[in-house]
Amino acid sequence: MGQKKGERRCLPPGLKKDRPKVVVVTTSYHVFRALLLAKQQGLKCVGFGAKTKWHFTLNALIREFAGYLRLTWKRYIFVAAVIIVIAAIAT
């Protein structure tokens with residue numbers, strides 16, 4: 001992936017390009033997907049999550065699960081295809 005115009009200026013001076021030190025701070029239910037996205041971009045980072053109100057947790061987790069599936073759908077299509085092929089061969 002190419003570097004966007006002005007992207008380098010966003011990094012603090014003296015930060016090594018190949019080993020960025022990034023901290024992701026977000027709500028607790030976003031941390032997992034945020035770290036996955038950072039890893040896909042080649043960033044090594046640490047994530048911290050803030051507390052989420054209990055009445056919002058179920059809705060947030062469902063949305064995050066849908067977001068995770070959207071990121072990893074190719075893997076699950078492949079697994080489903082393998083299972084279908086094995087089931088077809090076995091019958």
| Does the side-chain contact (heavy atoms from CB on, under 4.5 Å) test come out yes or no for Val25 and Val23, once each step is laid out? | CA-CA 6 Å; Val25 180; Val23 176; 3.8 Å; yes
| query | Does the side-chain contact (heavy atoms from CB on, under 4.5 Å) test come out yes or no for Cys45 and Leu35, once each step is laid out? | reply | CA-CA 7 Å; Cys45 61; Leu35 292 176; 3.5 Å; yes
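To the nearest 0.5 Å, the span separating NE2 on His30 from CZ on Arg63 amounts to 5.5 Å. In this structure, CD1 on Ile89 lies 12.0 Å from CD1 on Ile84, to the nearest 0.5 angstrom.
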Listing, residues 72-83 side-chain donor-acceptor contacts under 3.5 Å, not counting sequence neighbours, or none:
| unit_1 | atom_1 | unit_2 | atom_2 | d |
| --- | --- | --- | --- | --- |
| Thr72 | OG1 | Tyr68 | O | 2.9 |
| Tyr76 | OH | Tyr68 | OH | 3.4 |

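With hydrophobic clusters built from ILVMFWY side chains whose heavy atoms lie under 4.5 angstrom apart, Leu69 does not share a cluster with Ile62. Hydrophobic clustering, with ILVMFWY side chains joined whenever heavy atoms are under 4.5 angstrom apart, keeps Phe32 apart from Leu43.
Counting all heavy atoms, side chain and backbone alike, Ala34 lies closest to Val24 at CB-CG1, 3.7 Å.
At a threshold of 4.5 Å between non-hydrogen side-chain atoms, the residues Leu71 and Gln40 count as touching.
Counting non-hydrogen atoms of neighbouring residues, nucleotides and ligands closer than 6.0 angstrom, the CZ atom of Phe56 exceeds 12 such neighbours.
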